[in-house]
Amino acid sequence: MSDVLKKALADAIDTTRRNIPAFADRYPDDTTVNNWYPPRPARDGFPQGANEGWTTSFIPGCQWLAWEMTGDNAFRQAAQAHAKDFARRVHKGEGLATHDLGFLYTLSSVTPWRLTGSQEDKNAALAAADALMVRFLEPAGIIQAWGDLVDPAERGRTIIDSLMNMPLLTWASQQTGDQKYADAVRRHTAQLAQHIIRADNTTFHTFWWDPSTGEPLKGTTAQGYADDSCWARGQAWGIYGFALNYEATGNPDLLVAARRCADYFLAHLPADGVPFWDLVFNDGDDQPRDSSSAAIAACGLHQLASLETDPRLADRYRAAGQAMIEAVTAYSPQGEGVESDALLLHSVYNLNKNEGVDEGSLWGDYFYMEALVRHLNPRWKRYW
Ligand code: GLY
């Protein structure tokens, strides 16, 4: 099987190489249309192709992975050009009103700092961490996910995806020696472990706190099938995000949370191992898959296995992660024998809004490639 994974990684690297010119100074949209990325549309006052939204950093993320795997400087130069644009974005204050600064600046700026020691990228990432800290709400001790902090429609809400934004703050604490970032990670992740997982190990996509009293209020969904269902990608963010934050904080509740997310996810897969977009669906349902959830879960299970304190569980999660990445290679363009500039087909972005349904996605591409790199190169040092 490792030949299948090696071929899949070689295919992913080839596509990443072919995309360098098209993705150089004009960002593609979050998801493909009929398997091809259109330019990022003009929106929210930004022109077409601008560096806005939460997904643009997955392009340099793939390029850094490709550079590490090949040593080809074409990838490094392309990723460094993106890093410059991300530094411009944060220093100009463009599109920063989101918790997704962690997704954006971990891959675009912390990663080149880790791999090349660039001071400019370190400064950009620290500026992004400070912008993320503005969203830390007292007394709840959570980081607000979306929107303006004074918008009553968004105030006090966090989402499970936020777990993946915490590594930027953990890194900022390590670099500056300032505990405030690590304290925010500790409090935010403890709140999620307590409230965003239900008793049956499913997760809410979003959870609300009263912004003035800090009282936990209720869980709802934004991208899942229903408020009480289990959005597949949220559960996958939970596996990977709780595992990463367990390592960062040492809080054993986060290890338990990662296990609970993993156990439910693995118990609700269809026969081919790639989940439907919400885990309420399974074989026999006329619903699309979300391959990106499988790619994220493959990374998360690999991470969880490396931290697991129970050796039997470590073996179980390692084997499940391996099976998942093997299953998901069938959803690549090469696995299906179709032409595409995506690395992975069949993600669902937001079915409720009919956005990016059954398409390639920038995050699906990145986590697919990271999962292949992880499973083929046990010594690879993660970016998060
Ligand atoms: N973080 C947004 C998503 O997973 O769609």
Side-chain angles (χ1 to χ4, degrees), residues 27-32 37 40 43-44 52-59 61 95-108 128 132 135 142-147 154 157-168 188-189 192 196 202-207 219-225 229-242 244-245 261 265 274-279 288-300 328 342 344-368 370-371 383-384:
Y27 285 92
D29 204 358
D30 305 305
T31 61
T32 60
Y37 284 106
R40 223 166 172 75
R43 60 186 162 213
D44 300 334
E52 58 79 34
W54 74 281
T55 60
T56 46
S57 61
F58 295 117
I59 293 167
L96 305 187
T98 169
H99 72 148
D100 287 323
L101 292 167
F103 277 112
L104 289 166
Y105 281 87
T106 300
L107 293 180
S108 68
L132 184 51
R135 306 183 71 76
I142 56 118
I143 289 182
Q144 181 172 319
W146 297 318
E154 295 294 348
R157 168 159 60 179
T158 190
I159 69 175
I160 192 159
D161 325 23
S162 66
L163 292 166
M164 296 299 294
N165 291 316
M166 297 300 106
L168 178 67
H188 178 82
T189 55
L192 262 68
I196 215 156
T202 60
T203 51
F204 292 111
H205 179 196
T206 91
F207 199 93
T220 59
T221 201
Q223 285 161 256
Y225 174 70
S229 73
C230 186
W231 180 48
R233 197 159 57 255
Q235 196 81 3
W237 293 136
I239 301 170
Y240 199 2
F242 278 123
L244 289 170
N245 287 295
C261 289
F265 193 91
V274 174
F276 285 80
W277 68 281
D278 193 297
L279 299 181
R289 308 299 180 104
D290 176 27
S291 62
S292 75
S293 301
I296 295 160
C299 296
V328 85
L344 185 66
L345 307 173
H346 306 298
S347 289
V348 171
Y349 188 7
N350 189 338
L351 193 134
N352 301 329
K353 292 187 174 170
N354 198 24
E355 287 173 354
V357 176
D358 200 17
E359 293 288 351
S361 68
L362 292 177
W363 67 89
D365 289 353
Y366 171 78
F367 286 101
Y368 175 58
E370 184 188 307
Y383 298 160
W384 305 96

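Along the sequence shown, the residues carry numbers beginning at 1. For ligands, and for the atoms within them, numbers begin at 1 and follow the listed sequence. The structure displayed is predicted, hence computed values, not measured ones.
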> Can you tell which of Asn165, Asn245, Thr106 makes a side-chain contact (heavy atoms from CB on, under 4.5 Å) with Trp384?
Replying inline: Thr106
>> Can you tell me which residue among Trp363, Phe58, Tyr366 is in a side-chain contact (heavy atoms from CB on, under 4.5 Å) with Phe103?
In response: Phe58
> Should the pair Trp231 and His205 be assigned to parallel (<30°), tilted (30 to 60°) or perpendicular (>60°) ring geometry?
Replying inline: tilted
>> Please evaluate residues Arg40 and Thr55 with respect to the criterion side chain to side chain donor-acceptor pair (under 3.5 Å), reporting the C-alpha separation (whole Å), side-chain torsions for both, the decisive distance (0.1 Å), and the verdict.
In response: CA-CA 10 Å; Arg40 223 166 172 75; Thr55 60; 3.1 Å; yes
> Is the closest heavy atom of Trp54 to ligand 1 under 4.0 Å?
Replying inline: yes
>> Would you call the rings of Trp146 and His99 parallel, tilted or perpendicular, taking 30° and 60° as the class edges?
In response: perpendicular
> Does any N/O atom on Gln223 come nearer than 3.5 Å to any N/O atom on ligand 1?
Replying inline: yes
> Which of the atoms in ligand 1, numbered in the order shown and given with their element, are less than 4.0 Å from a heavy-atom of Arg233?
Replying inline: 3 (C), 4 (O), 5 (O)
>> If the cut-off is 4.0 Å to any non-hydrogen atom of Tyr349, which atoms of ligand 1 fall inside it?
In response: 5 (O)
>> Taking 4.0 Å as the limit for heavy-atom contacts, which would you say applies to Trp146 with ligand 1: side chain only, backbone only, both, or neither?
In response: neither
> What residue and atom, counting heavy atoms only, is the protein's closest point to atom 1 (N) of ligand 1, and at what distance?
Replying inline: Asp161 OD2, 2.7 Å
